[in-house]
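Right, one structure below, let's go through it.
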Number of protein chains: 2
Amino acid sequence: MSTKPRRVTIHDVAKHAGVSAQTVSRVLNDHPDVSEATRARVQRAIAELRYRPSAIARSLIKRASGMIGVVASGFHFFGPAQLLAGIERQATELGWQLMLQVATDPSDYDRVATTLIAQQVEGVIWAYPELSSDRERAFHQQLRPHAPILFLSMEAGSGEAVLSVDNRLGARLAVEHLIARGRRHIGLITGPLTLWSAQQRRLGWEDALASAGLPHTERQVVQGDWSAESGCRGLRALLQQYPELDAVFVSNDQMALGVLYAAHQLGLRVPKDLSVVGFDNMPESACFIPALTTVHQDLFALGQLAVREMDRVIRARRAGKQAAIAPLMLQPRLVVRESS
Amino acid sequence: MSTKPRRVTIHDVAKHAGVSAQTVSRVLNDHPDVSEATRARVQRAIAELRYRPSAIARSLIKRASGMIGVVASGFHFFGPAQLLAGIERQATELGWQLMLQVATDPSDYDRVATTLIAQQVEGVIWAYPELSSDRERAFHQQLRPHAPILFLSMEAGSGEAVLSVDNRLGARLAVEHLIARGRRHIGLITGPLTLWSAQQRRLGWEDALASAGLPHTERQVVQGDWSAESGCRGLRALLQQYPELDAVFVSNDQMALGVLYAAHQLGLRVPKDLSVVGFDNMPESACFIPALTTVHQDLFALGQLAVREMDRVIRARRAGKQAAIAPLMLQPRLVVRESS
DNA sequence: CGTTAAACTGTGATCGTTCACGGGATTTTT
DNA sequence: AAAAATCCCGTGAACGATCACAGTTTAACG
C-alpha cells in the first residue's frame with residue numbers, strides 16, 4: 001500500500017494559490033481584508049488540494065480547544081443516555097466538540113481531571129451524579145482554574161452552577177396522585193441513595209405522605225440499583241416487610257418494569273391490587289403491561305440547556321468577562337396511564 | 001473574580017527544577033537518559049506546580065492525536081448504546097481518547113468527516129449502521145488517506161474491515177426455535193430495511209422458513225423503526241394482513257415489548273396463542289410479561305474488540321508498517337424464556 | 001498634484017511540546 | 001594512559017496554524 005501521505009498544510013494552499021499563508025488564514029476565518037479575487041483563488045486552491053485546517057494547530061495558538069468535557073456515568077440507563085443525547089445535539093449545533101469521559105467510580109476522578117486539563121477543554125459539564133463529598137470537591141477545585149464547571153442533577157454547593165430537574169417535586173406529584181386514587185399504604189423503591197437524585201425522590205415521597213397526614217416507616221422502603229431486576233427483587237422484599245402495601249412509587253421506569261413483572265408473577269393485579277408509578281417516562285413505558293403511570297422529565301432539554309449555558313459562559317470568558325450560570329430546576333410532570 | 005491564570009508550561013517546570021525543558025520532556029516520556037537525582041527533582045517540580053502537559057502541543061509535534069473517532073447514531077436504542085459502552089471502556093483502558101460524532105442522516109457525513117480530519121483522529125470506528133451506498137463510499141474515501149477505518153455491523157465491501165455480529169444466524173436460530181415449537185405461521189417485524197442488520201435478520205428468517213419447507217409471503221412481514229410503539233402497530237398490522245399468525249420474530253427487544261403489549265390488549269395469550277421472539281437480549285427483556293425469548297448478541301464485546309483491533313492497526317501504522325483487520329463475525333445465541 | 005486614508009497583503013514571532021543533534025563529564029576498554 | 005564508549009543534559013528547529021505589526025498599492029480628498 002501507499003505510504004502515509006504528508007498532510008496538506010496552509011503553506012501548500014498558499015503556494016498553490018500564489019499568496020501568503022496569512023492570506024489563506026484570513027480566508028479561512030472570514031476576515032474582511034481580502035479582495036474578492038484573492039478570496040476566490042484561495043478557495044479554489046483549498047478545494048483542489050482538499051485542505052482541512054488542523055484543529056490542533058489552531059487550538060495551540062488560539063489557546064482555545066473548542067472542546068467541552070462531559071463527565072458522565074454509564075448510558076445503559078435511560079436518564080444518562082437521554083442527557084447525553086441532548087448535550088450532543090446542542091454541542092453539534094453550536095459547533096463544540098465533546099470530550100466524553102465516563103466515570104464509574106470516584107477513583108476515576110483523577111484520571112478524568114488530568115485528561116480534561118491535558119486536552120484543554122474550555123468547559124466541563126459534570127453529569128456524573130455522585131453525591132458531593134469533600135473528596136470530590138477537591139477534584140473540582142483542580143479543574144476549576146482551567147475551565148468553568150457546570151453540574152447536572154447534583155446538590156447545589158456553595159457558588160456552584162447546577163442545573164437539574166426537580167426530582168423532589170416529581171416524586172411528590174407521583175405520590176400525591178396515588179393518594180388521590182385512595183391509596184394509603186404506599187411503598188417506595190429508591191435508586192442508590194448515594195445519589196442525590198435518588199435522595200430527592202425519596203424526600204418527595206416523604207413530602208407527599210407528610211402533607212396527607214400519612215406516617216411512614218422504614219418498612220415501606222427498599223433500595224434498588226435502577227435495574228429492572230432490582231425492581232423485581234424490590235417488590236418481593238417490600239411485600240414481605242410491609243404486607244399491607246397497596247401502591248408503590250418506583251424511582252425509575254426500568255425498576256418499575258421489574259415491579260410489574262414481580263406483581264404479575266405473584267398474581268397481584270395492577271392497578272387493582274397494587275398501583276405502580278414510575279419516574280423517567282421512557283418511550284417504552286407506554287408499552288408496559290399495564291402501561292405505566294410515570295413522571296416525565298425532559299433530560300434531553302436539560303442537556304441542551306447545559307450546553308447553551310456553557311456556550312454563553314465560555315464566550316464571555318474568551319472576551320475576558322465573567323459570566324455566571326443561573327441555577328435552574330426544570331419542572332417534571334405526571335403522565336397518568338393504566339398502572340395507577 | 002481572578003483573571004484566567006497563565007497555563008503552567010514545561011518551561012516553568014524546567015526553570016523550577018533547574019534543568020532544561022528537554023530534560024523535563026524526557027522525564028515525562030520515560031526516556032532513559034536522565035539520572036535518578038534529576039528525575040526526582042523534576043518530578044517534584046511537576047507535582048509542586050501541578051503541571052499537566054498539553055495534549056494539544058504534543059499532538060502537534062508528534063503528528064498523532066491519540067484520538068479515535070467514533071461515528072454512531074442515537075444511543076436511545078439498546079444496541080448502539082451497548083456498542084458505545086464497550087468502545088468507551090476499551091478505549092479508556094488502552095489510553096485512547098474518543099471523538100464522538102453522532103450522525104443522524106447521510107447528509108451529516110461531510111461535517112463528520114471534516115471534523116474527524118481536522119481533529120486528526122488516528123483511526124475511525126464507523127458504527128453508523130447505514131447501508132453502504134456509493135455516496136457513502138465517497139466519504140469513506142475522503143477519510144481513508146488520513147486514518148484507517150473500521151466498520152461495525154455493515155455489509156462487507158471490497159477490502160473493507162468489518163466486524164459484526166452474525167445477525168442472519170441469530171435470526172435463523174430464533175425462527176428455527178419457533179418452528180421446533182410447532183409454529184407454522186411465523187410473522188416478521190423488521191427494523192428499517194435500509195439498515196444492513198435489519199436486512200440480515202430478515203434473511204435469517206427466510207433461511208429458517210426455507211429450510212423447514214415453509215413458504216413465506218409479503219403478508220407475513222411488517223417494517224418497524226426499532227421503537228416499542230412501532231412494534232405495537234406492527235402486530236396489529238400483521239394480524240390484519242395475516243390472520244393465521246401463530247408466532248412472530250421481532251427484530252429487536254424494544255419492538256417485541258410493543259408486540260407483547262398489543263397482544264395483551266387484543267386478548268391474545270403469549271405464548272399460547274402467539275409466540276414471540278426478540279433480538280438483543282437487553283437486561284429488561286427478562287422482566288417483560290411474559291419474559292422474552294430472544295437472541296443474545298454481545299455488542300459490548302464487539303465494541304471492545306473494535307478498539308483493540310484499531311489499537312493494533314494504529315500502532316503498526318505509527319511504526320511504518322501496514323496491518324490489516326481480519327473481518328470477524330461474533331456468534332449470537334438464543335436465550336429461551338417464557339414468550340415462546 | 002500632493003497628502004491622507006483605506007484596502008489589501010506579507011513577515012516574523014508565537015503557542016507548548018518533542019526531535020535531531022551535539023557536547024561535556026564520567027566510565028570503560030585496549 | 002590515551003581512545004572509545006557511555007551517560008547525562010542542553011540548544012535550536014519544527015509541528016501548523018494565528019497574531020501583531022508593517023508595508024505596498026489604490027482610492028479619496030482638499
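Keep in mind that the numbers below use all heavy atoms, side chains included, and drop hydrogens, waters and symmetry copies. Letters go in sequence order (proteins before strands), and every chain restarts at 1.
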Does a side-chain heavy-atom distance below 4.5 Å link B/V27 with B/V19?
-> no
Along DNA chain D, first and last positions that approach a heavy atom of chain A under 4.0 Å | D/dG16 to D/dA20
Polar side-chain atom of A/E122 near backbone of A/G66 as donor-acceptor pair, under 3.5 Å | yes
Tell me, which of residues 8-22 of chain A have any heavy atom that sits under 4.0 Å from an atom in DNA chain C?
-> A/V19, A/S20, A/Q22
Looking only at heavy atoms, what is the nearest atom pair of A/A103 and A/Y128, with distance?
-> O-CE1, 3.1 Å
B/R7 side-chain N/O to B/R52 backbone N/O, donor-acceptor pair under 3.5 Å = yes
By nearest nucleotide on DNA chain D, pick out whichever of B/T23 and A/I56 is the more 5' one.
-> B/T23
Starting at CD1 of A/I117 and ending at P of C/dT17, how long is that distance when rounded to a whole Å?
-> 13 Å
Test side chain to side chain donor-acceptor pair (under 3.5 Å) applied to A/Q304 and A/R89, step by step = CA-CA 7 Å; A/Q304 287 182 303; A/R89 169 77 60 81; over 6 Å; no
Taking for each residue the nucleotide of DNA chain D bearing the nearest heavy atom, is the 5' side occupied by B/T38 or by B/I61?
-> B/T38
Could you check how far CG of B/D33 sits from C1' of C/dT26, rounded to whole Å?
-> 14 Å
Round to a whole Å and report the spacing from NE2 of B/H31 to P of C/dT17.
-> 15 Å
Rounded to the nearest 0.5 Å, how far apart are OH of A/Y51 and NE2 of A/H11?
-> 9.5 Å
Measuring from B/M310:CE to B/I325:CD1, what's the distance to the nearest 0.5 Å?
-> 5.0 Å
Between atom CG in B/D30 and atom C1' in C/dT17, what is the gap in whole Å?
-> 16 Å
For side chain to side chain donor-acceptor pair (under 3.5 Å), just list the numbers for B/Q120 and A/S54, CA-CA rounded to whole Å, side-chain angles, deciding distance to a tenth of an Å, and then say yes or no.
-> CA-CA 7 Å; B/Q120 260 152 287; A/S54 159; 3.0 Å; yes
Can you find a side chain N or O atom of A/R58 that sits less than 4.0 Å from OP1 or OP2 on C/dC15?
-> no
NZ/NE/NH1/NH2 to OD/OE distance under 4.0 Å, B/D108 and B/R111 = yes
With heavy atoms under 4.0 Å as the rule, sort A/S59 into base, sugar-phosphate or nothing.
-> nothing
Return the value, rounded to whole Å, for the distance between atom CZ of B/R7 and atom C1' of C/dT17.
-> 11 Å
Distance in angstrom units between A/L28 CG and C/dT9 C1', rounded | 15 Å
Write down the distance between CZ (A/R26) and P (C/dG10), rounded to a whole number of angstrom.
-> 8 Å
